[in-house]
Amino acid sequence: AVFLPLKNEVLDIATDDSDVLSLGAVLVPAMLLGTYLNLIVGNVTSGIFGGMGRPLISTILSFGLELPLSIGGVALLILHFNADLLAVTWFQAISGGFEAVLVIGIMLATDWKKCAEETRARQESSPTEEEGEGDGEEGDEETANLLSE
């Protein structure tokens, strides 16, 4: 948001070519929006879904949605529609917005209590300590207390 009002001054640092400056001034908003939206998608898929023990959702979204949209969509725009750089950049921003809405919708619709219970059950059923290092009761109790908070 800070960059947008100052985009011409910032671009002046890189070049004095008026054609490059005018193209950059048009591309920068699309690039910033696309980057921000893709950052949200990455944080939700890798951070939230992965952290809650849902790597399958993250993998499906990455390989089934993000890659086909980003690579396939851009290829379609360029090869079939002969799109220019501005159209491709705005397409990437729009597809990032679609992905962000989808992953936020999945995140809000997820039953996180159920996910926490499943994670707790997996942790309790898997051996966490080697033989001879104790019975693990203290660690199990601490983990259960942390997860229930």
Side-chain angles (χ1 to χ4, degrees), residues 1-130 139-140 142-149:
V2 173
F3 184 76
L4 287 176
L6 303 173
K7 64 185 169 200
N8 291 330
E9 288 78 15
V10 172
L11 291 172
D12 275 335
I13 295 170
T15 185
D16 60 357
D17 186 348
S18 61
D19 292 336
V20 174
L21 290 172
S22 62
L23 180 62
V26 175
L27 285 174
V28 165
M31 293 175 79
L32 286 175
L33 180 64
T35 301
Y36 179 72
L37 292 170
N38 286 320
L39 180 68
I40 291 171
V41 171
N43 284 337
V44 173
T45 56
S46 297
I48 296 173
F49 293 154
M52 287 302 290
R54 297 291 179 242
L56 183 61
I57 293 174
S58 178
T59 303
I60 290 170
L61 287 171
S62 293
F63 288 106
L65 180 71
E66 290 179 58
L67 285 176
L69 262 180
S70 62
I71 296 172
V74 169
L76 183 67
L77 277 173
I78 293 171
L79 298 174
H80 185 69
F81 296 107
N82 297 318
D84 61 358
L85 180 61
L86 183 61
V88 169
T89 306
W90 275 110
F91 171 78
Q92 289 176 325
I94 292 167
S95 68
F98 172 73
E99 293 170 21
V101 168
L102 184 67
V103 298
I104 289 171
I106 292 171
M107 181 186 71
L108 294 175
T110 300
D111 183 2
W112 292 110
K113 287 185 181 184
K114 179 182 174 189
C115 292
E117 290 169 5
E118 290 174 0
T119 302
R120 188 177 304 121
R122 278 195 310 271
Q123 288 175 345
E124 290 173 358
S125 67
S126 66
T128 57
E129 302 204 12
E130 294 183 23
D140 292 342
E142 286 180 30
T143 302
N145 289 338
L146 287 173
L147 290 173
S148 66
E149 292 179 357

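Starting from 1, each residue takes its place in the sequence as its number.
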Should [X] and [Y] count as side-chain neighbours, where that means a heavy-atom distance under 4.5 Å?
{"X": "Leu33", "Y": "Trp90", "value": "yes"}
{"X": "Leu102", "Y": "Leu61", "value": "yes"}
{"X": "Glu99", "Y": "Ile40", "value": "no"}
{"X": "Trp112", "Y": "Ile48", "value": "yes"}
{"X": "Met52", "Y": "Met107", "value": "no"}

Could you walk me through whether Asn8 and Leu21 satisfy the side chain to side chain contact (heavy atoms under 4.5 Å, CB included) test, starting with their C-alpha distance in whole Å, then the side-chain angles of each, then the deciding distance to 0.1 Å, before giving a yes or no? CA-CA 7 Å; Asn8 291 330; Leu21 290 172; 5.8 Å; no
Okay, side chain of Ser22, backbone of Asp19: is any donor-acceptor separation there less than 3.5 Å?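 It does hold such a pair.
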Whether Ser58 side chain and Thr45 backbone form a donor-acceptor pair below 3.5 Å: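 Yes; judged by distance alone, with no hydrogens or angles, the pair exists.
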Interatomic distance, [X] atom [atom1] to [Y] atom [atom2] [nearest 0.5 angstrom]:
{"X": "Asn43", "Y": "Asn38", "atom1": "CG", "atom2": "CG", "result": "11.0 Å"}
{"X": "Asp17", "Y": "Asp12", "atom1": "CG", "atom2": "CG", "result": "11.0 Å"}
{"X": "Ser95", "Y": "Leu37", "atom1": "OG", "atom2": "CG", "result": "9.0 Å"}
{"X": "Leu85", "Y": "Met31", "atom1": "CG", "atom2": "CE", "result": "7.5 Å"}
{"X": "Ile60", "Y": "Ile106", "atom1": "CD1", "atom2": "CD1", "result": "9.5 Å"}
{"X": "Gln123", "Y": "Arg120", "atom1": "CD", "atom2": "CZ", "result": "8.5 Å"}

Nearest non-hydrogen partners of Ala30 and Thr89, listed with the distance: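 It is CB-CG2, 3.5 Å.
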Shortest non-hydrogen contact between Leu69 and Phe91, atoms and distance: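 Residues Leu69 and Phe91, closest heavy atoms: O-CE2, 3.4 Å.
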Using side-chain contact (heavy atoms from CB on, under 4.5 Å) as the criterion, list what pairs up with Asp111, not counting sequence neighbours.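 With neighbours one apart ignored, the set is Lys113, Lys114.
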Stepwise side chain to side chain contact (heavy atoms under 4.5 Å, CB included) check, Thr110 with Ile57: CA-CA 11 Å; Thr110 300; Ile57 293 174; 5.5 Å; no
